Amino acid sequence: MFNKRVKIKELLSTEPQGQEVTVMGWVRTFRNNQFIALNDGSTNNNLQVVATLGMLNDETQKRITTGASLKVTGNVVASLGKGQKLDLNATSIEILGDCDAAEYPMQQKKHSLEFLREKAHLRFRTNTFGSIFRVRHSLAFAVHKFFNEKDFLYLHTPVITASDAEGAGEMFRVTTLPFDNPPRNEDGTINFKEDFFGKSTNLTVSGQLEGELAATALSDIYTFGPTFRAENSNTTRHLAEFWMIEPEMAFYDIEDNMNLAEEFIKYIIRHAMDNNREDLEFLAQRLAEEEKQLPQDKRSDLGLIEKLEFVLNNAFERITYTEAVNILLESPAYKKKKFQYEVSWGVDLQSEHERYLVEKHFKKPVIVTGYPAAIKAFYMRMNDDGKTVAAMDILAPGIGEIVGGSQREERLDKLVQRMEQMHIPVEEMSWYLDTRRYGTVPHAGFGLGFERMVLFVTGMTNIRDVIPFARTPKTCEF
RNA sequence: UCCCGAAUAGCUCAGUUGGUUAGAGCAUCUGACUGUUAAUCAGAGGGUCACUGGUUCAAGUCCAGUUUCGGGAGCCA
């Protein structure tokens with residue numbers, strides 16, 4: 001009967017009145033043959049279990065090692081020590097699972113994030129990753145809460161797709177054909193008619209196009225699921241498998257879209273601030289300690305909590321691409337030739353430019369709109385100037401692009417024209433173009449990379465540290 | 001994929017101009033102590049110096065290649 005146990009988070013918030021409880025968890029430390037710091041993952045705070053001297057035989061005492069799992073029953077009393085409010089005076093200690101201390105890789109010391117990345121299971125036992133994954137959960141929960149409150153439908157778009165026209169990136173092929181001897185056409189190419197789906201298929205790079213189909217019937221939908229990119233990207237901001245949130249709304253223009261995105265980001269941050277204060281404070285402290293190693297000019301101006309509060313309390317800066325280019329051209333950095341890449345109208349903003357706008361010029365999140373059509377996707381709505389599209393990117397300090405969205409081109413003729421210009425196979429996309437044939441409406445949507453959001457909120461700097469099992473080039477161990 | 005850097009004990013790292021038996025802290029093990037807070041004190045064990053090849057009387061140290069990791073860039077979310 002395990003359900004009668006009390007979680008440590010709950011227990012630590014109660015008043016010590018000698019009440020009997022049962023707890024279960026893993027040993028963090030065992031001090032002085034008397035004091036067991038027990039953790040069950042519900043909070044970073046450990047419960048101090050007190051085993052009075054003599055209550056344990058020698059053999060049991062030796063088996064209480066860092067990492068071992070215990071079931072402890074005892075009485076909750078006010079602690080005589082200074083480090084904690086209450087103790088659990090044990091009346092029985094049962095070892096559920098032994099942990100050989102000589103082999104256990106986790107020690108009572110600080111471990112590097114690189115080392116922990118190799119210990120898929122045990123990194124969950126650390127305070128840092130405990131906090132990160134509790135915050136991650138909280139943000140995910142807030143995503144659903146926000147959209148549910150706004151009457152959006154959670155739409156499940158497919159993981160396997162045949163669409164190869166989105167241009168969002170390199171795709172992972174899905175096939176059941178044999179590698180050594182696949183069926184071939186007369187011209188030597190592989191005959192995908194014999195493949196499982198009778199055509200070439202891939203893992204999805206975005207649920208947007210499917211989302212548009214639903215939104216132009218159900219009004220407001222959002223997706224939240226895994227997305228795959230086979231790009232050979234080796235950076236602290238990219239994963240081969242990541243989670244993306246993609247709302248799509250009928251009867252929305254670009255302005256409505258920006259308002260929703262800003263409100264959404266603030267809502268989920270607020271939710272984490274309200275529900276994960278302890279974890280965020282722990283992560284703030286971790287970040288502050290890490291930044292002590294850095295030279296003065298590389299450190300953040302604000303602590304993690306202050307940064308999040310600042311984002312909540314200030315409107316995102318909204319500028320057009322044209323204004324952004326002008327700001328860059330007039331910046332001291334440009335005049336001193338500090339930029340490595342060219343700045344001119346028509347060229348996409350580089351990381352260094354985005355960083356300058358966000359971190360140096362405005363010092364807050366920035367929404368850039370009205371990008372040149374030539375550097376954006378086919379489905380974005382052409383503005384009246386005939387040169388720019390109704391696109392918007394939200395740039396966040398330290399991370400860069402966190403949201404990419406647009407008002408969609410709802411005019412069939414203009415959309416087809418654009419697709420032809422960009423060599424997108426119009427016939428294959430007929431199912432998509434139906435949305436513009438039968439009662440088309442202005443609509444808009446955006447995509448938000450969930451891990452980038454978790455990075456921003458936790459103050460972590462490597463995206464591999466905010467997903468439980470990172471998938472990156474050359475790494476798929478667990 | 002490109003640029004830069006790294007790889008030495010379980011972990012974090014030191015190792016000088018190439019030169020005898022490769023070191024420290026933490027962890028582990030043994031013992032002591034017992035209201036501790038990453039407990040403390042004493043002692044012990046622990047190494048294919050990433051891999052392959054080369055230079056040299058002699059390579060952890062120099063050179064080349066490979067692999068992996070880290071940082072940055074591109075692509076993007």
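Here is how names work: the chains are called A, B, and so on, in the same order as the sequence lines, proteins then strands, and each is numbered from 1. As the structure is a computational prediction, the values presented were derived from the model and not from experiment. Side chains included, hydrogens not; waters and symmetry mates left out as well; all remaining heavy atoms used.
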**Q** Sort out the partner of B:U48 for me: Watson-Crick or G-U wobble, both distances under 3.5 Å, none otherwise.
**A**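 Paired with no nucleotide.
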
**Q** Tell me what A:E352 touches on the nucleic acid: a base, only sugar-phosphate, or nothing, going by heavy atoms under 4.0 Å.
**A**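 Here A:E352 touches no strand at all.
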
**Q** Counting Watson-Crick and G-U wobble pairs only, both distances under 3.5 Å, name the nucleotide matched with B:G35, or none.
**A** none

**Q** Using only modelled atom types and a 3.5 angstrom limit, is any donor from either the side chain of A:H238 or the base of B:C76 paired with an acceptor on the other?
**A** yes

**Q** For the residue pair A:Y371 and A:Y321, categorise the inter-ring angle as parallel (less than 30°), tilted (30 to 60°) or perpendicular (more than 60°).
**A** tilted

**Q** Within the 4.0 Å heavy-atom criterion, would you say A:L239 contacts the bases, only the backbone, or no part of the nucleic acid?
**A**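 Base: the residue A:L239, judged by heavy atoms under 4.0 Å, touches a nucleobase.
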
**Q** Mapping A:T475 and A:S233 to their closest nucleotides on RNA chain B, which lands nearer the 5' end?
**A**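 Result: A:T475.
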
**Q** Could you work out the separation of B:A32 and B:G70 based on their P atoms and round it to a whole Å?
**A** 45 Å

**Q** Need one value for A:K474: base, sugar-phosphate or nothing, where a base atom within 4.0 Å counts as base even if backbone is also close, heavy atoms only.
**A**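 Sugar-phosphate only.
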
**Q** Classify the side chain of A:N234 versus the base of B:G74 as yes if they form a donor-acceptor pair under 3.5 Å and no if they do not.
**A**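 Side chain to base: no pair present.
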
**Q** Can a donor-acceptor pair be found, under 3.5 Å and without considering hydrogens, that links the side chain of A:S69 to the backbone of A:G97?
**A**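 Flag set: sc A:S69 to bb A:G97 pair under 3.5 Å.
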
**Q** Look at the side chain of A:E103 and the base of B:U28, then say whether one donor and one acceptor between them are separated by less than 3.5 Å.
**A** no

**Q** NZ of A:K376: more than 12 outside heavy atoms within 6.0 angstrom?
**A**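 Yes.
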
**Q** Look at all strands and tell whether A:R117 reaches a base, only sugar-phosphate, or nothing, counting heavy atoms closer than 4.0 Å.
**A**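 The residue A:R117 makes sugar-phosphate contact but no base contact.
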
**Q** Is the aromatic ring of A:F450 within stacking range of B:A77, meaning centres under 5.5 angstrom and planes under 30 degrees?
**A** no

**Q** Does B:U1 have its OP1 or OP2 closer than 4.0 Å to a side-chain nitrogen or oxygen of A:N232?
**A** yes

**Q** Under 3.5 Å, is there an N or O donor on one side and an acceptor on the other linking the side chain of A:E114 and the base of B:U68?
**A**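 Looking at the base of B:U68, it does not pair with any donor or acceptor on the side chain of A:E114 (distance under 3.5 Å).
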
**Q** So A:T66, base contact, sugar-phosphate only, or nothing? Heavy-atom distance under 4.0 Å.
**A** nothing

**Q** Under 6.0 Å from the ring centre and within 45 degrees of the ring axis: does the NZ or CZ of A:K150 meet both conditions for the six-membered ring of A:F264?
**A** no

**Q** Counting heavy atoms from C-beta on, name the nucleotide in B:G71, B:U34, B:U37 closest to the side chain of A:Q48.
**A**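 Among the listed nucleotides, the one closest to the side chain of A:Q48 is B:U37.
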
**Q** Taking the side chain of A:Q350 as heavy atoms from C-beta outward, which of B:C75, B:C76, B:U36 is closest to it?
**A** B:C75

**Q** Which residue, A:S112 or A:G83, contacts RNA chain B at a nucleotide closer to its 5' end, judged by nearest heavy atom?
**A** A:S112

**Q** Closest approach to the side chain of A:V50, judged atom by atom: which nucleotide of B:G35, B:G72, B:A38 is it?
**A**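 For A:V50, the side-chain atoms sit closest to B:G35.
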
**Q** Would you measure the distance from the C1' atom in B:C49 across to the matching atom in B:A44 and give it in whole Å?
**A** 24 Å

**Q** State whether A:R31 places a side-chain N or O below 4.0 Å from either non-bridging phosphate oxygen (OP1 or OP2) of B:A39.
**A** yes

**Q** Determine the interplanar angle of the A:F469 and A:F124 rings, folded into 0 to 90°, and report it as parallel if under 30°, tilted if 30 to 60°, perpendicular if over 60°.
**A** perpendicular

**Q** With a 4.5 Å cut-off on side-chain heavy atoms, are A:F446 and A:L260 touching?
**A** yes

**Q** Base, sugar-phosphate, or nothing: which does A:F242 touch, judged by heavy atoms less than 4.0 Å apart?
**A**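 If one applies the 4.0 Å heavy-atom cut-off, A:F242 turns out to touch a base.
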
**Q** Does A:N127 reach a base, just sugar-phosphate, or nothing at all? Heavy atoms under 4.0 Å.
**A** nothing

**Q** When we call it a touch if two heavy atoms are under 4.0 Å apart, what does A:L80 touch: a base, just sugar-phosphate, or nothing?
**A**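 Touches a base.
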
**Q** Has the side chain of A:R464 got a donor or acceptor atom sitting under 3.5 Å from an opposite partner on the base of B:C69?
**A** no

**Q** Which nucleotide, if any, forms a Watson-Crick or G-U wobble pair with B:G23, using both distances under 3.5 Å?
**A**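 By the stated definition (distances under 3.5 Å), B:C13 pairs with B:G23.
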
**Q** Choosing from B:U28, B:U37, B:U34, which nucleotide comes nearest the side chain of A:Q34?
**A**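 Nucleotide nearest to A:Q34's side chain: B:U34.
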
